[in-house]
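This is a predicted model, so every value here is computed, not measured.
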Amino acid sequence: MTPRVVILGCGFGGLFAARALRKAPLEVTVVDRTNHHLFQPLLYQVATAGLAAPAIAEPIRRALAKQKNVTVLYGEAQRVDVEERKVVLENGETLAYDRLILATGAIDSYFGHDEWRAHAPGLKTLEDAFEIRKRVLLAFEHAEREADPVKRAAWLTFVVIGAGATGVEMAGMLAEISRHTLKGEFRRFDPRNARVVLVEGMDRVLPPYTPDLSERARVQLERMGVTVWLGRRVTGIDALGVQLGGDRLEAKTVVWCAGVAASPLGATLGVPLERGGRVIVEPDLSVPGHPEIQVAGDLALLPEHEPPVPGVAPAAKQMGRHAARNIIAALAGRPTRPFRYRDYGQLATIGRSSAVAMFGRIHVWGWLAWVAWLTAHIFFL
């Protein structure tokens with residue numbers, strides 16, 4: 001009987017795992033709750049109307065159409081029955097597996113305040129991007145109709161919470177929109193007077209980057225007109241604005257880029273999880289006690305890997321490929337290999353001709369980093 005491999009999730013980890021199995025004599029089933037693979041690093045461009053959705057999304061079936069050993073299913077896994085080696089889908093249907101790859105990624109975390117979600121959408125899916133884009137564009141339209149300057153100021157205040165790469169890129173694009181894209185298009189106010197506020201609980205933006213690049217990013221943001229608030233904790237979000245301890249910021253548009261939690265599917269495995277819900281895996285990405293299950297991408301935590309594996313697309317790609325290769329090795333009776341992440345650098349764009357880049361000990365910023373970012377993303381798209 002042909003071994004059955006089920007891959008849950010078709011983000012970078014799941015897609016690259018499936019592709020790595022293309023020549024294997026296996027029956028591969030890919031399950032995803034959307035019908036498209038999403039190039040998530042550019043999702044903020046869709047949210048700010050810089051790109052159309054088809055530019056960063058491809059139907060999963062099209063992406064894997066030439067791979068004859070793959071079946072793609074549109075559905076959502078609810079839990080994994082590790083004893084019966086079955087995946088239970090949302091309609092009660094089950095999928096039996098001989099080998100399983102979990103690559104269901106991460107979701108937004110509001111740190112126990114899920115009531116904030118309605119007022120501050122996150123940015124993980126195309127639906128999120130469409131919602132944010134609608135709110136941003138309608139804010140300018142409401143400002144054009146508003147006669148009261150105080151109320152208009154609230155419509156023209158955009159708050160981005162969280163200064164990781166997504167937050168920095170989002171804040172930079174909002175500044176671009178107000179100061180360049182919409183210039184001269186309104187009659188009752190000047191879009192250049194819009195206020196973009198980036199709020200971060202830590203003492204610098206882009207915490208995973210080195211302090212010098214974090215400072216370069218902050219300076220570039222402020223030159224673009226973004227107000228950067230560091231060391232500020234959000235204590236409340238409602239329809240009218242954001243509460244920061246004793247301070248109040250009136251804003252009609254708030255975007256959440258502050259926290260993530262692992263996919264809840266990991267909790268159904270019955271194995272230890274770290275605080276954020278990630279599965280603590282063995283060095284070869286397998287689940288302790290269940291070598292038939294591999295975990296890739298944001299759902300996996302490698303406690304002994306130094307430095308820690310970052311939650312970025314290149315890491316998910318590498319883990320997906322590695323999980324697939326280990327499955328091929330195990331089914332052939334060969335030993336599996338531990339995963340080692342290869343860091344090819346990190347890039348974050350800030351705005352027009354502004355970015356920061358880190359390639360090992362080489363740190364670049366400004367126009368040169370922006371060209372590197374642009375080249376890399378065009379290549380991957």
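The hydrophobic clustering, which links ILVMFWY residues whose side-chain heavy atoms are closer than 4.5 Å, places Val271 and Leu299 together.
Among residues two or more places apart in sequence or in another chain, the salt bridge (Lys or Arg N to Asp or Glu O under 4.0 Å) test is passed with Glu76 by Arg33. Under the rule for a salt bridge (Lys or Arg N to Asp or Glu O under 4.0 Å), Glu27 has no partner lying at least two apart in sequence or in another chain. Legend: residues meeting salt bridge (Lys or Arg N to Asp or Glu O under 4.0 Å) with Arg192, ordered by chain and number and at least two apart, are Asp190.
With values rounded to the nearest 0.5 angstrom, Ile293 atom CD1 is found 10.0 Å from Arg99 atom CZ.
In summary, Glu141 and Arg145 do not engage in a salt bridge, as defined by a charged side-chain N under 4.0 Å from a carboxylate O.
A 4.5 Å side-chain heavy-atom check between Leu206 and Val356 finds at least one atom pair inside the cut-off. The shortest side-chain heavy-atom distance between Thr34 and Thr125 does not fall under the 4.5 Å cut-off.
Partner of Val295 under the side chain to side chain contact (heavy atoms under 4.5 Å, CB included) criterion, chosen from Leu301, Ile280, Val287, Leu285: Val287.
Other residues sharing a hydrophobic cluster with Ile161 under the 4.5 Å side-chain heavy-atom criterion for ILVMFWY residues are Tyr110, Phe111, Trp116, Val159, Val197, Val199, Trp229, Val234, Ile237, Val242, Leu244, Leu249, Val254, Trp256.
Judged by distance alone, with hydrogens and angles left aside, the side-chain atoms of Thr48 form a donor-acceptor pair with the main-chain N or O of Tyr44 at under 3.5 Å. Here the side chain of Asn35 pairs no donor or acceptor atom with the backbone of Pro59 at under 3.5 angstrom. In terms of modelled atom types and a separation under 3.5 Å, the side chain of Arg325 and the main chain of His322 share no donor-acceptor contact. In this structure, the side chain of Glu200 engages the main chain of Met202 through a donor-acceptor pair within 3.5 Å. A distance-only check finds a donor-acceptor pair linking the side chain of Arg187 to the backbone of Gly184 [under 3.5 Å].
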Check the pair Glu250, Leu240 against side-chain contact (heavy atoms from CB on, under 4.5 Å), reporting the backbone distance first and the verdict last.
CA-CA 6 Å; Glu250 299 296 327; Leu240 300 179; 3.8 Å; yes
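Phe39 and Phe12 have perpendicular rings, their planes meeting at more than 60° on a 0 to 90° scale where under 30° would count as parallel.
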Considering only distance and modelled atom types, tabulate donor-acceptor pairs under 3.5 Å from the side chains of residues 332-348, sequence neighbours left out.
unit_1	atom_1	unit_2	atom_2	d
Thr336	OG1	Asp284	OD2	2.7
Arg340	NH2	Glu306	O	3.2
Asp343	OD1	Gly345	N	2.8

Could you list the donor-acceptor pairs under 3.5 angstrom formed between side-chain atoms of residues 365-372 and any protein atom two or more places apart in sequence or on another chain?
none

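No more than 12 heavy atoms of other residues, nucleotides or ligands shown are found within 6.0 angstrom of CD on Glu304. Counting non-hydrogen atoms of other residues, nucleotides and ligands closer than 6.0 Å to NZ of Lys86 gives a total of 12 or fewer. Enclosure of atom CZ in Arg233 is not indicated, since only 12 or fewer non-hydrogen atoms of other residues, nucleotides or ligands lie within 6.0 angstrom.
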